[in-house]
Protein chains: 2
Amino acid sequence: MSSTKFHPVSMQDVARAAGVSAQTVSRVANGSGQVKPETRSVVEAAMDKLGYRPNFAARALKRGRFKAIGVVMFDILATGNILTLEGITRAAKEQGYAVTLTMMEDGGESLAAAVDRMKTLPVDGIIVDLEKMVPDVRTYMPPSDLPLTVITSAKADYMNTIDEDQYGCSRMVVEYFLERGHTNVYFVSGPTNSVASEIRKAGWRDTLAAHGIVAPPPILGDWNADSGYAAGLELAKKDDCTAIYAGNDAMANGIMKALEDSGVRVPDDKSIIGVDNSLQSMVAKLALTSVSMDFSAVGHKAFEMTVDAIEGAKNTTPTHTLIPGAIVERSSVADLR
Amino acid sequence: MSSTKFHPVSMQDVARAAGVSAQTVSRVANGSGQVKPETRSVVEAAMDKLGYRPNFAARALKRGRFKAIGVVMFDILATGNILTLEGITRAAKEQGYAVTLTMMEDGGESLAAAVDRMKTLPVDGIIVDLEKMVPDVRTYMPPSDLPLTVITSAKADYMNTIDEDQYGCSRMVVEYFLERGHTNVYFVSGPTNSVASEIRKAGWRDTLAAHGIVAPPPILGDWNADSGYAAGLELAKKDDCTAIYAGNDAMANGIMKALEDSGVRVPDDKSIIGVDNSLQSMVAKLALTSVSMDFSAVGHKAFEMTVDAIEGAKNTTPTHTLIPGAIVERSSVADLR
DNA sequence: ACGCTAACTGTTTGCGATAACATTGTATCG
DNA sequence: CGATACAATGTTATCGCAAACAGTTAGCGT
């Protein structure tokens, strides 16, 4: 029942108790070197009895590695980010790495500041999840002593980046509609300061163009259901609109409600596809076809890239990796063929 | 463009460059002791030039503190847990602490295992967020060398615990209904293995009893909207039911859909209150009155308790702290008075 | 001018673990 | 049987930092 301030049991203590040298304790603790089985058990018994735990700091100091990576999130509450974090954490656990998390204030802190903060912490590599655009992504020069992976839709010149394939997601959606006989697709976007939304918009417009179709003006939303509702009221009046591509599921949900309130039937009169596949548990009898983005895979991959850089330490050229999404079919799209 | 393996600049290097002793560099780095302003600037210049960063491991080894706390989450994806994590992380940041995150597998790992895992990591204290019941909560004896705070609805004998006030939340809801002239309240519960749900159920039943009302049989749900839908179909047929208390918003949303599909109007025919206040951005024209649980405050408080234990190191008796929720009024409750 | 204090800076030491090297003991072989 | 290899363990030095202590200088009162 002694209440010492913090971990009191060192290798020396164990060594003394077991009647061996500290080095032998070290060998037992790490399973390295040759130790007589008999000696090993004596040491292990002593460890158990004293409740020995290796001192992390001392180990890290000697080894120069922490077996930990830092994650910087700008908005931990945004849809998907938590899944990304989950992917990172799970991958980290598998490889025996710890994850250290910090949040950045929403108000335009720069990437440089984020990395600098992390650099003072016990980490061997850094993953930054950039929901929003920050000023210095493109030109940021990563530190030479600490591998960095950035999750962002923006392109960067000097770093490894990874992201959902936003552009490809739009292509999938548009072609899905066109294959089913729709002749045009309306798009309800997220806020224009969202890089992801802008890229999706480009993918949508380009794919339509590739099929010789002029994209109608996109309707501006803000990711929330209410903005979707407003967009839905507007779209309800357009008879030429049979296919709607909503920037996320929340807006799609709002659109569907507005259509219903306007007496427009889904999918009979208008079809709709959302993005995120996030409403399953929230909405009963969910009818919304949606693009499922694999955030968890992004996290997993981001971790792997970071660890590869830590352990390989090769000076490879910056890569930009894209993780594809997939359409989850429900019943909000009509086949007009 | 030298690519050294890891941080190469030590205090010695700075000291050499600045023509002072390492100790003086240390004093500048920590703002401790007396240093001539002139010397200080020379040292700072040298730090800048060399890109010096204090070595975390060495510092921690010397000080015996990491300035970090560990967070163990059993289900990072559950509603509210992410908010709790956000609360912890924000509070930690304010006090200059880092947060190290690990997840536990869903399959009934014990509290002891969770804590043991964390103990090998660079942390000064531990917070465990226990969504589900684990076998050893009640009797678990926390380590004496590492402060532990557990977020759980279950009671524990030897640890500090903290939770949303689930019981009080039910009392609030029931009395809210009764005050408005309702004479009974139906309850749609979460799964019975959820401690939180069981406590809410008790609060609901007890409060009704305190008003001399016999609680109707609770309807079993599973937190998902579809189970709410099923419950809603059932409740739609009960004429004596004017007030529904749904275990969470997702189920409430399902219930409302079922009532609508059954031609029952909300709030004219039946009133409903949910818990979590989580659907604002998902559902357009949200009508659902809901109990807002302050998960973020729970996280914040959990962090504070942990840090107090770290820094105070007093052997206080275990506490159980409850954070109250609040009813967010929308338009799903009729006033019958 | 003397002693004394305060301001500033340097030296020594050790936090706990482990790589590298040194030492001892034991088995094996020609 | 002496040489040799190798298994088993101990000793030393070191990672980077900072507490404790030890100097050195300047300023001040008498």
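Chain naming here is simple, since letters A, B, ... match the order of the sequence lines and numbering starts at 1 in each. Values in this document were obtained by computation on a predicted structure and should not be read as measured data.
Residues B/Tyr97 and B/Phe303 place their aromatic rings such that the two centres sit under 6.0 Å apart.
Put simply, CE on A/Met11 is 14 Å from C1' on C/dC15, counting in whole angstrom units. D/dG10 atom C1' lies 12 Å from atom CD of A/Gln12, rounded to whole Å. Atom CZ in B/Arg40 sits about 13 Å away from atom C1' in C/dA7, given to the nearest Å. To the nearest angstrom, C1' of D/dC17 lies 8 Å from CG of A/Leu61. Going from atom CZ of A/Phe56 over to atom P of C/dT18 covers 12 Å, rounded to whole Å. Separating the CG atom of B/Asn55 from the C1' atom of D/dT14 is a distance of 13 Å, rounded to the nearest angstrom. One atom, CZ of A/Arg65, and another, C1' of D/dG16, lie 18 Å apart when rounded to the nearest Å. Protein atom CG of A/Leu50 is 14 Å distant from nucleotide atom P of C/dG16, rounded to whole Å.
A heavy atom lying under 4.0 Å from DNA chain C marks none of the residues of residues 41-49 of chain B. Within residues 13-22 of chain A, no residue has any heavy atom closer than 4.0 Å to DNA chain C.
Counting only heavy atoms from C-beta outward, the side chains of B/Phe295 and B/Glu164 approach each other to under 4.5 Å. Counting heavy atoms from C-beta outward, A/Thr100 and B/Val99 have side chains that stay 4.5 Å or more apart.
Heavy-atom nearest nucleotides on DNA chain C were determined for B/Lys36 and for B/Ala58, and the one closer to the 5' end corresponds to B/Lys36.
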(message) Is there a salt bridge (charged side-chain N to carboxylate O under 4.0 Å, His left out) between B/Arg138 and B/Asp157? Walk through the geometry before answering.
(response) CA-CA 6 Å; B/Arg138 166 135 225 159; B/Asp157 293 339; 3.3 Å; yes
(request) Please lay out, stage by stage, how B/Thr306 and B/Thr149 fare under the test side-chain hydrogen bond (donor to acceptor under 3.5 Å, both in side chains). (result) CA-CA 6 Å; B/Thr306 310; B/Thr149 304; 2.8 Å; yes
(request) Would you sort out whether A/Thr24 and A/Thr39 count as a side chain to side chain contact (heavy atoms under 4.5 Å, CB included), showing the intermediate values? (result) CA-CA 9 Å; A/Thr24 299; A/Thr39 311; 4.1 Å; yes
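Among all heavy-atom pairs drawn from A/Ala309 and A/Pro147, the shortest one is CB-CB, 3.5 Å. A pairwise comparison of heavy atoms in A/Pro142 and A/Leu148 identifies CB-CD2, 3.9 Å as the closest pair.
The side chain of A/Thr24 places no N or O atom within less than 4.0 Å of a non-bridging phosphate oxygen (OP1 or OP2) of D/dA8. Contact annotation: A/Thr39 side-chain N/O to D/dT9 OP1/OP2 distance is under 4.0 Å. Note on B/Asn30: a side-chain N or O is less than 4.0 Å away from OP1 or OP2 of D/dA18.
More than 12 heavy atoms of other residues, nucleotides or ligands lie within 6.0 Å of CD in A/Glu94, so this atom counts as buried by the packing criterion.
Side chain of B/Asn30 to main chain of B/Arg27: no donor-acceptor pair is present (N/O by atom type, distance under 3.5 Å, no hydrogens or angles).
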Could you list, one pair per line, each protein nitrogen or oxygen that sits under 3.5 Å from a nitrogen or oxygen of nucleotides 19-21 of chain C, together with the distance?
from   : atom 1 : to      : atom 2 : distance (Å)
C/dA19 : N6     : A/Gln23 : OE1    : 2.8

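Tested against A/Asp165 for a side chain to side chain contact (heavy atoms under 4.5 Å, CB included), the candidates A/Ile323, A/Leu322, A/Thr321 yield a single pass: A/Leu322.
A distance of 8.0 Å separates CG in A/Asp163 from CD1 in A/Ile151, rounded to the nearest 0.5 Å.
Among the atoms of the strands shown, only primed sugar atoms or phosphate atoms (P, OP1, OP2) are found under 4.0 Å from some heavy atom of A/Val35.
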